[in-house]
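All remarks here apply to the structure that follows.
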Amino acid sequence: MALKAVHVSDVPNLDHVPDNASLSLYSTRLSKGVEMNRAATFKMPKFMVVGHRGNGMNVLQSTDGRMKEIKENSIMSFNSAAKHPIDFIEFDVQVTKDDCPVIFHDNFILSEDNGTIFEKRVTELCLSEFLCFGPQKEGRAGKSLLRKTKEGKILEWNVEKDDSLCTLQDAFQQVESSLGFNIELKFDDHVVYQQDYLIRVLQAILQVVFDHGKDRPVIFSSFQPDAALLVRKLQSTFPVYFLTNGGTEIFYDVRRNSLEEAIKVCLEGGLQGIVSEVKGVFRNPGAVNKIKEAKLSLLTYGKLNNVSEAVYMQHLMGIDGVIVDLVQEITEAVSDLIKPSKMGEGDGEMEVKSKPQFSQMELSFLLKLIPELIQL
């Protein structure tokens, strides 16, 4: 599917929004738990831990059972993550061809029928077709669900605790209400999208958020720069973050190829922050100060965020939060390393768990060393 590219700068105002758009989308109600002002700056309340696709993504070929414990991007996974002291969960939203926002990461759904494997693009399914895959809410079996690895191997999507596919509305209605949602606006890297298609998709998502969000904290993010800029133009209630690989991968769209380019996108479009692959930050630690000087927030994602020492280093660098798969382990590590904890009380004194202490010189040395280490 090849579509004509149109830059979001060609949409100067909301006059381009379809006539049937709901006025409720443009509410000025602020979400609870985040701080925004008219200058479009956004301040995290504290160092945040965000559950990746809920309680963690599924890596079906992994030997680590934790990566196959609960079906990712499911209500079960979201509520499991909510049992830990996290601030937000992150999940991927796409819109079906009948305009229903659903939660699913991959661009294609794979299944098997009579020995034949087939794949269908999520956005070309209607809602009823999408929900037919995987276990059904009534307890009966649905169509088989397979997954293709990055290497092209096709595996059965087997996890220890399975759950049904779900919609964005399901998440708002069934997930612990105090848990924030980091909604990734998911688009295919290999497709060039028309402006009117992006508007239709974003309007469908915004409609659900404003109809069912209530006081839940919400952040939008996207790797698709035009989608990120456009959702910022369509509403001023919720913060918008630009997702980037931080230069660890190279794309045709130069806006996606470095943290410096990400800063430009945010400043030009009035976005509130950046979510970068953590390796991109460690390879270019000087960019953190540039991001802070631009009054932007910075979160990271990636495998290194499942290593507590890497998370603590980011805290020292001034990064605002991390998106992680090992929710229980990292929330415990953050509590130990970043938030002083009581070990016991006696004679009115409180013992606090020790944590590493670095001088500015030591921290400077570590920041210079890290880019070399992660080239491995």
Side-chain angles (χ1 to χ4, degrees), residues 5-10 40-42 44 48 50 52 90 92 150 182 184-193 198 219-233 239-307 310-311 313-324 363-376:
V6 180
H7 196 276
V8 75
S9 61
D10 295 329
T41 57
F42 173 61
M44 289 291 178
M48 293 207 321
V50 181
H52 187 209
E90 179 273 351
D92 312 273
K150 287 185 177 181
N182 174 3
E184 180 182 337
L185 308 168
K186 181 75 175 178
F187 296 93
D188 191 332
D189 289 339
H190 305 291
V191 173
V192 179
Y193 293 96
L198 290 177
I219 296 172
F220 291 112
S221 63
S222 186
F223 283 104
Q224 220 291 345
D226 291 334
L229 292 167
L230 185 54
V231 77
R232 180 72 182 100
K233 285 197 171 196
V240 180
Y241 279 49
F242 181 45
L243 271 159
T244 177
N245 297 88
T248 59
E249 293 182 53
I250 300 301
F251 297 88
Y252 178 76
D253 189 333
V254 295
R255 294 174 294 175
R256 299 187 59 182
N257 289 341
S258 70
L259 287 169
E260 286 75 16
E261 286 293 331
I263 294 171
K264 289 181 186 177
V265 170
C266 290
L267 294 181
E268 291 171 3
L271 308 190
Q272 283 73 42
I274 294 169
V275 184
S276 174
E277 218 292 346
V278 60
K279 287 186 178 180
V281 174
F282 280 163
R283 289 176 180 175
N284 184 13
V288 175
N289 283 338
K290 295 178 184 177
I291 292 168
K292 294 302 174 182
E293 289 170 0
K295 293 181 169 51
L296 297 171
S297 179
L298 176 61
L299 304 177
T300 66
Y301 71 92
K303 292 180 181 179
L304 279 175
N305 281 353
N306 294 318
V307 179
V311 170
M313 176 57 66
Q314 292 176 72
H315 171 64
L316 294 177
M317 293 169 68
I319 291 167
D320 297 296
V322 290
I323 300 174
V324 308
L363 182 57
S364 177
F365 172 75
L366 286 170
L367 291 177
K368 291 177 182 177
L369 179 63
I370 286 173
E372 300 300 323
L373 293 176
I374 66 170
Q375 296 294 334
L376 301 175

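These numbers come from a predicted model, not from an experiment.
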Report summary line: Of all heavy-atom pairs linking F187 and A227, the shortest is CE1-CB, 3.5 Å
Report task. Identify the two heavy atoms, one from V311 and one from N305, that lie closest to each other, and give their separation to 0.1 Å. Result -> CG2-O, 3.4 Å
Report summary line: Distance col, row I323:CD1 vs S276:OG, nearest 0.5 angstrom, shows 10.5 Å
**Report entry** Expected output: side-chain N284 to main-chain G246 donor-acceptor under 3.5 Å
**Finding:** no
Report summary line: Between the OG1 atom in T300 and the CE atom in M317, the distance rounded to the nearest 0.5 Å is 9.0 Å
Report summary line: In terms of heavy-atom contacts, I274 and A262 come closest through CD1-CB, 3.8 Å
Requested in this report: Quick one: pull up CG in L296 and CD1 in I291 and give me the separation to the nearest 0.5 Å.
Outcome: 7.0 Å
Report task. List for me each residue that meets side chain to side chain contact (heavy atoms under 4.5 Å, CB included) alongside N245, sequence neighbours excluded, and say none if there are none. Result -> F223, T248, E249, F251, R256, Y301
Report task. Kindly indicate whether the side chain of F282, heavy atoms from C-beta on, has any atom under 4.5 Å from the side chain of Q314. Result -> yes
Query - Taking every non-hydrogen atom, the tightest pair across G280 and L259 - result: O-CD1, 3.7 Å
Query raised in the report: Passes side-chain contact (heavy atoms from CB on, under 4.5 Å), V278 versus V322? Steps please.
Result: CA-CA 9 Å; V278 60; V322 290; over 6 Å; no
Query - Any donor-acceptor N/O pair, R232 side chain to L271 backbone, under 3.5 Å - result: no
Query raised in the report: Does Y193 reach the main-chain N or O of D188 with its side chain, forming a donor-acceptor pair under 3.5 Å?
Result: yes
Query raised in the report: Under 3.5 Å, is there a donor-acceptor pair between the side chain of S222 and the main chain of L185?
Result: yes
Report task. Output yes when E261 and K264 qualify as a salt bridge under the 4.0 Å nitrogen-oxygen rule, no when they do not. Result -> yes
Report task. Could you tell me whether K233 and D226 have a side-chain N and a carboxylate O separated by less than 4.0 Å? Result -> no
Requested in this report: Output the distance between atom CD (Q224) and atom CG (L229), rounded to the nearest 0.5 Å.
Outcome: 9.0 Å
Query raised in the report: Quick one: side chain to side chain contact (heavy atoms under 4.5 Å, CB included) partners of V254, sequence neighbours excluded?
Result: N257
Report task. State whether the side chain of D320 and the backbone N or O of L299 hold a donor-acceptor pair below 3.5 Å, judged by distance alone. Result -> no
Query raised in the report: Can you name the side chain to side chain contact (heavy atoms under 4.5 Å, CB included) partners of D92, sequence neighbours left out?
Result: R53, N73, E90, H105, E184, K186
Requested in this report: Nearest 0.5 Å please: distance from the CZ atom of F220 over to the CG atom of L243.
Outcome: 13.5 Å
Requested in this report: Tell me, with the steps shown, if M313 and L304 meet side-chain contact (heavy atoms from CB on, under 4.5 Å).
Outcome: CA-CA 11 Å; M313 176 57 66; L304 279 175; over 6 Å; no
Query raised in the report: Minimum heavy-atom separation for A287 to E260, with atom names?
Result: CB-OE2, 4.1 Å
Query raised in the report: Backbone N or O of G270 within a donor-acceptor pair of the Q272 side chain at under 3.5 Å?
Result: yes
